[in-house]
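I have placed the structure first, in the form of structure tokens, so that the comments after it can refer back to it.
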Amino acid sequence: MAEVSSIERRKLERLFRMSGGYVLDFTDQTFSEFFEEHTRRDIDAAVYRERGTSKANRLRGFWTVEGNHLVGKVIQALIQYGQAEDCLGNELGLTDLTDDCWKIAARMLNDTPVAELDALTATADERDFETVAQHVREAIEKNQPEAALDRLHTFVMKYLRTVCANRGVEINRDKALHSIFGEYVKRLRDAGLLESLMTERILKSSISVLEAFNDVRNNKSLAHDNPILNYEESLLIFNHVASSVRFIKSLEARAKPMMSAGSGAAFDDDLPF
């Protein structure tokens, strides 16, 4: 059974114009052909007709019977069809409604939008750190990664300063974070904690990613009065960052950190990144 909330159902039914038993401009024949093409399912089968025989009721039955991934695929295909055939309607707020329904489909196709979500939790006894971590998680759980890119930026900056300081890397206002992280990777290599050259190269590539993250935070997030980044790219950034954080957490958990006098460095968002 697909995980579609009552609010999401209402949005989908509005977009696909399902009042009166219809679905967009499909006839019974073209509706069957659409499902055969996109799902290899017989939408006329009895399993989908328990709510009724109308096209709208068969689609509701499909949502009830099938799993998230397949339902997400069909929702995306219906949106694309509606846009191509110009039959989504012209009601006020249609663009926002379409975007919301596309996000519903994307969530279902991914099941868990950010695979490494559990990595985005505070690792220091700092109230502001925990608050940032919670904001990031709430945005993902609401399937709104684009709305929390600035919070994710703050989270990863705080987290990486912590692990770098614990490895004896000097933290100060004159050092950009990607430079600090470069030193951190070198400490890991020198300590024999990286078993493959490929792992070292992947971590080093993250240095340029962190540099690019600054532009996203400053120009494509809610940190300032900006148009925010699109959903798909925001999700890619979240997944990349969460995966990197999970790896570093795992590595640090199995290797005793080399504490230094700098490990108590304050978290200051005005430090250069």
Side-chain angles (χ1 to χ4, degrees), residues 1-28 30-31 34-35 38-39 43 48 51-52 54-64 66-114 135-152 216-239:
M1 179 177 179
E3 298 172 357
V4 187
S5 71
S6 59
I7 293 176
E8 289 175 330
R9 283 179 181 273
R10 287 195 290 272
K11 288 182 177 181
L12 292 168
E13 294 198 8
R14 281 176 53 207
L15 184 67
F16 299 144
R17 298 163 60 189
M18 292 170 63
S19 62
Y22 299 100
V23 176
L24 299 176
D25 65 352
F26 286 109
T27 64
D28 283 335
T30 58
F31 195 55
F34 175 90
F35 274 85
H38 291 282
T39 70
I43 195 63
Y48 303 129
R51 291 170 173 258
S54 71
K55 289 181 285 292
N57 278 330
R58 279 180 281 158
L59 181 55
R60 294 183 185 106
F62 184 85
W63 292 344
T64 300
E66 300 296 346
N68 278 357
H69 191 274
L70 187 58
V71 171
K73 180 181 178 181
V74 166
I75 291 171
Q76 284 193 349
L78 285 170
I79 293 173
Q80 291 170 334
Y81 172 86
Q83 291 173 328
E85 298 298 321
D86 194 25
C87 60
L88 292 176
N90 55 5
E91 65 178 89
L92 186 65
L94 178 63
T95 299
D96 289 340
L97 179 61
T98 303
D99 287 345
D100 286 348
C101 291
W102 189 266
K103 289 179 182 180
I104 293 169
R107 172 185 63 76
M108 300 179 78
L109 283 168
N110 284 284
D111 265 346
T112 303
V114 175
H135 286 172
V136 169
R137 288 178 61 83
E138 286 177 355
I140 287 298
E141 288 163 357
K142 292 177 180 177
N143 205 33
Q144 298 174 335
E146 68 275 37
L149 285 172
D150 61 320
R151 295 290 83 195
L152 179 65
V216 171
R217 187 262 183 185
N218 292 328
N219 299 305
K220 291 179 170 55
S221 80
L222 295 177
H224 304 292
D225 185 16
N226 300 316
I228 61 176
L229 190 65
N230 66 73
Y231 175 83
E232 288 79 9
E233 290 186 47
S234 300
L235 198 58
L236 175 64
I237 290 172
F238 263 85
N239 273 297

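Counting from 1, the numbers follow the sequence of the chain as shown.
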- Query: Taking the side chain as C-beta and beyond, is there a heavy-atom pair between L78 and L59 under 4.5 Å?
  - Reply: yes

- Query: Is any side-chain heavy atom of L15 less than 4.5 Å from a side-chain heavy atom of L94?
  - Reply: yes

- Query: Pairs in or reaching into residues 70-85: which pass side-chain hydrogen bond (donor to acceptor under 3.5 Å, both in side chains), with residues at least two apart or in two chains?
  - Reply: D25-Y81

- CG on N218 to CG on L149, rounded to 0.5 Å: 12.0 Å

- Message: Quick check on F34: does its CZ atom have over 12 non-hydrogen neighbours (other residues, nucleotides or ligands) under 6.0 Å away?
- Response: yes

- Under 4.5 Å between any side-chain heavy atoms of R58 and F31, yes or no? yes

- Report the residues that fulfil salt bridge (Lys or Arg N to Asp or Glu O under 4.0 Å) with K55, sequence neighbours left out, ordered by chain and then residue number. D28

- Message: Measuring from atom CG of D99 to atom CD1 of I104, what distance do you get when rounded to the nearest 0.5 angstrom?
- Response: 11.0 Å

- Those residues that, when tested against Y48, pass ring pair (Phe, Tyr, Trp, His ring centres under 6.0 Å) (two or more places apart): F62

- Side chains of L229 and I237: closer than 4.5 Å at any heavy-atom pair? yes

- Check side chain to side chain contact (heavy atoms under 4.5 Å, CB included) between A56 and all other residues, then give those that pass, not counting sequence neighbours. M18, V23, S54, R60

- Which of E13, M108, K103, R107 passes side-chain contact (heavy atoms from CB on, under 4.5 Å) with E8? It is R107

- Item | Heavy-atom donor-acceptor pair, T30 side chain to F26 backbone, under 3.5 Å | no

- Shortest non-hydrogen separation from L24 to C87 and the atoms involved: CD2-O, 3.5 Å

- Message: Applying salt bridge (Lys or Arg N to Asp or Glu O under 4.0 Å), can you list everything that pairs with R14, at least two apart in sequence or on another chain?
- Response: E91

- Message: Quick test of your reading of the model: are E233 and K220 salt-bridged, counting only N-O distances below 4.0 Å?
- Response: no

- Message: Within this structure, what is the CH2-CZ distance for the pair W63 and R51, rounded to the nearest 0.5 Å?
- Response: 9.5 Å

- Note on the structure: salt bridge (Lys or Arg N to Asp or Glu O under 4.0 Å) filter on D150, not counting sequence neighbours, yields none

